[in-house]
Engineer: 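Have a look at the structure that comes next, please.
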Amino acid sequence: MSTNVTEQTIIDKVEKRLYVGGEWRDAAGGGTLSVEDPSTGEAICEVADATPEDAMAALDAASEVQKEWAKHPPRKRGEILRRAYEKLVERIDELALLMTLEMGKPIGESKGEILYAADFLRWFSEEAVRIDGRYAVAPNGAGRLLTMKQPVGPCLAITPWNFPMAMGTRKIGPAIAAGCTIIVKPAQLTPLSMLALAQILEESGLPPGVLNVITSSSSGATMSPLISDRRLRKLTFTGSTPVGRKLMEQASGNLLRLSMELGGNAPFLVFDDADLDAAVEGAMLAKMRNIGEACTAANRFHVADSVADEFSEKLVEKMSALKVGRGTEEGVQVGPLIDDDQRGKVSDLVEDALSKGAKALVGAGKMDGRGYFYEPTVLGDVPEDADLRQEEIFGPVAPIFSVSSEEEAIEAANNTEYGLVAYVYTRDLKRALRVCEGLETGMVGLNRGMVSNASAPFGGVKHSGFGREGGAEGIEEYLETKYISVDL
Ligand code: NAP
């Protein structure tokens with residue numbers, strides 16, 4: 001047994017059943033699925049394993065209360081979100097421990113995610129009362145043009161394992177604020193944080209049926225009947241590009257409104273006029289936040305050749321000093337990868353790069369012992385044909401490429417199917433603006449290694465998806481515009 005008494009108490013406190021229509025219930029047939037601690041590879045608990053029948057019950061519940069919820073006063077919808085925000089902050093210690101146990105990231109980072117997740121509830125509690133419309137005089141003067149915003153209707157949210165709570169609140173917050181009901185299916189690898197969040201929203205006064213949570217080991221079979229059901233009106237997905245593409249195809253039959261937050265391959269550009277120490281600090285954040293398992297993770301470093309050696313040396317020094325271990329331990333900065341498959345993918349990408357001529361400046365290996373640990377790694381002299389140049393690494397590996405001009409840097413940055421975020425380090429304002437304009441991404445970190453912020457529109461272009469989460473744009477994803485033509 002690896003879990004201690006405190007950890008066990010936290011795990012015991014969380015509901016392990018499905019949340020449907022305001023009730024906690026076992027899966028039809030009583031099936032369960034195991035949740036594992038990636039730092040030990042051991043199961044820590046079982047949660048309900050939903051069937052398509054359970055998912056349909058969730059849609060029944062969400063559809064039944066949709067009309068009533070849409071009429072619920074915006075101020076009251078906002079107040080529920082605000083209470084949930086406060087409870088999340090109050091319980092940050094236990095929720096962070098729970099997240100670390102199921103996902104592996106160090107406790108400090110789990111706390112960071114709880115605050116980030118809570119911030120979406122606070123932001124959308126404020127947005128709930130700012131939904132408005134327009135009144136205009138028709139150009140011919142004879143009529144009036146009115147527009148009003150109304151909730152889209154019942155939504156389905158499918159979320160990934162890498163940010164088990166924040167990827168949920170980015171969808172649940174605006175849905176509730178807009179007056180939509182919602183069914184959430186978290187990743188089977190990390191269902192506990194979402195179940196804990198549902199308990200908090202329930203305690204905060206969310207009426208039955210507005211939020212429903214379905215945990216399942218068979219996502220495709222469980223979700224597809226919902227996606228084709230006429231009562232569902234929106235699908236919001238965060239996950240990989242291949243799964244997003246598949247879900248878009250399925251959703252086309254039912255013409256669902258879609259939001260797609262998909263994979264990334266973020267370039268990190270360092271120009272010769274950059275503050276190199278700041279660039280290295282930013283690189284550590286952009287690369288190592290969440291053990292490199294972030295859609296926003298810097299996937300490739302394109303560094304001006306005149307400063308590439310110095311940048312590499314400084315980065316190697318920082319990466320070598322990182323403490324790797326179980327996320328619950330004091331001082332640990334890098335936890336395990338989520339599972340052996342993910343570690344295998346990272347290892348294959350590194351081996352491929354090395355076989356094509358890249359040099360391991362530090363790391364480049366799986367770590368012995370229990371759990372799915374991988375060494376913080378820096379690769380130099382990486383050839384352009386290395387697979388990790390085009391594929392999302394999703395691990396603690398920093399490949400460095402050198403570039404000889406600004407044009408080459410922009411071209412290299414854009415040479416990918418993805419377009420979520422890019423990072424740019426330069427002290428030249430004109431260059432900064434030129435480069436930001438030239439980048440084909442939804443977001444840019446300018447002299448910053450992190451862009452996430454609940455009050456800003458997060459999202460990508462190209463194969464990183466479409467739609468925005470957070471900011472003033474976030475709630476629009478859950479609203480339809482109705483136009484009324486008035487004859488005076
Ligand atoms: P994934 O394999 O695409 O899974 C994401 C979610 O989709 C999980 O809940 C998964 O359920 C579910 N799913 C898989 N196949 C499905 C199907 N056929 N029908 C319905 N649901 C299905 O991605 P992941 O490995 O969890 O997450 C990593 C990916 O997410 C990376 O590519 C990362 O870049 C991306 N991501 C993007 C953003 C963004 O905002 N752009 C943010 C975070 C992560 P199960 O796992 O339970 O099967």
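Indexing begins at 1, ligand by ligand and atom by atom, following the structure's order. Position 1 is the first residue of the sequence; numbering continues from there.
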Engineer: Is ligand 1 under 4.0 Å from a heavy atom in the side chain of Leu189, in the backbone, in both, or in neither?
Structural biologist: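 The answer is neither.
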
Engineer: Within a distance of under 4.0 Å, is there any protein heavy atom near atom 23 (O) of ligand 1?
Structural biologist: yes

Engineer: Regarding Asp352 and Ser355, do their side chains bring together a donor and an acceptor under 3.5 Å, going by distance alone?
Structural biologist: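 Looking only at side-chain atoms, Ser355 and Asp352 do not form any donor-acceptor pair under 3.5 Å.
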
Engineer: Could you pull out, from Gly239, Ser452, Ala294, the option with a heavy atom nearest to atom 29 (C) of ligand 1?
Structural biologist: Gly239

Engineer: What residue pairs, at least two apart or across chains, pass ring pair (Phe, Tyr, Trp, His ring centres under 6.0 Å) with a residue in residues 98-126?
Structural biologist: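 Residue pairs with at least one partner in residues 98-126: Tyr116-Phe120.
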
Engineer: Does Glu293 approach ligand 1 within less than 4.0 angstrom via side chain, backbone, both or neither, non-hydrogen atoms only?
Structural biologist: neither

Engineer: Would you call Trp161 a ligand 1 contact, heavy-atom distance under 4.0 Å?
Structural biologist: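 Yes, that is the case, since the closest heavy atom of the residue is under 4.0 Å from the ligand.
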
Engineer: Of the side chain and backbone of Thr241, name the one, both, or neither that has a heavy atom under 4.0 Å from an atom of ligand 1.
Structural biologist: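 Under 4.0 Å from ligand 1, Thr241 contributes no heavy atoms.
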
Engineer: Judged on heavy-atom distance to atom 8 (C) of ligand 1, which of Thr159, Asn265, Thr190 sits nearest?
Structural biologist: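 Looking at heavy atoms only, Thr159 sits closest to atom 8 (C) of ligand 1.
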
Engineer: Is there a side-chain contact between Ser228 and Gln250 in this structure, where contact means two heavy atoms from C-beta onward sitting under 4.5 Å apart?
Structural biologist: no

Engineer: Below 4.0 Å, non-hydrogen atoms only: which portion of Thr296 touches ligand 1? Side chain, backbone, both or neither.
Structural biologist: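 Neither part.
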
Engineer: Any idea which of Glu392, Gln188, Lys185 brings a heavy atom closest to atom 11 (O) of ligand 1?
Structural biologist: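 Closest candidate by heavy-atom distance is Lys185.
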
Engineer: Report yes or no: is the cationic atom of Arg343 (NZ for Lys, CZ for Arg) closer than 6.0 Å to the six-membered ring centre of Phe373, at no more than 45° off its axis?
Structural biologist: no

Engineer: Can you tell me which residue pairs pass the salt bridge (charged side-chain N to carboxylate O under 4.0 Å, His left out) test with a partner in residues 457-468, sequence neighbours excluded?
Structural biologist: Glu440-Lys462

Engineer: At under 4.0 Å between heavy atoms, which part of Glu469 makes contact with ligand 1: side chain, backbone, both or neither?
Structural biologist: neither

Engineer: Would you mind telling me if ligand 1 is within reach of the side chain of Phe163, the backbone, both or neither, using heavy atoms under 4.0 Å?
Structural biologist: neither

Engineer: Using ring centroids (six-membered ring only for Trp), state whether His463 and Tyr418 fall under 6.0 Å.
Structural biologist: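 Ring centres of His463 and Tyr418 not closer than 6.0 Å.
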
Engineer: Heavy atoms only: which of Leu226, Asn162, Val243 lies closest to atom 14 (C) of ligand 1?
Structural biologist: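 Minimum heavy-atom distance to atom 14 (C) of ligand 1 goes to Val243.
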
Engineer: With heavy atoms under 4.0 Å as the rule, classify the contact between Arg170 and ligand 1 as side chain, backbone, both or neither.
Structural biologist: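 It is the side chain that gets close, since no backbone atom is under 4.0 Å.
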
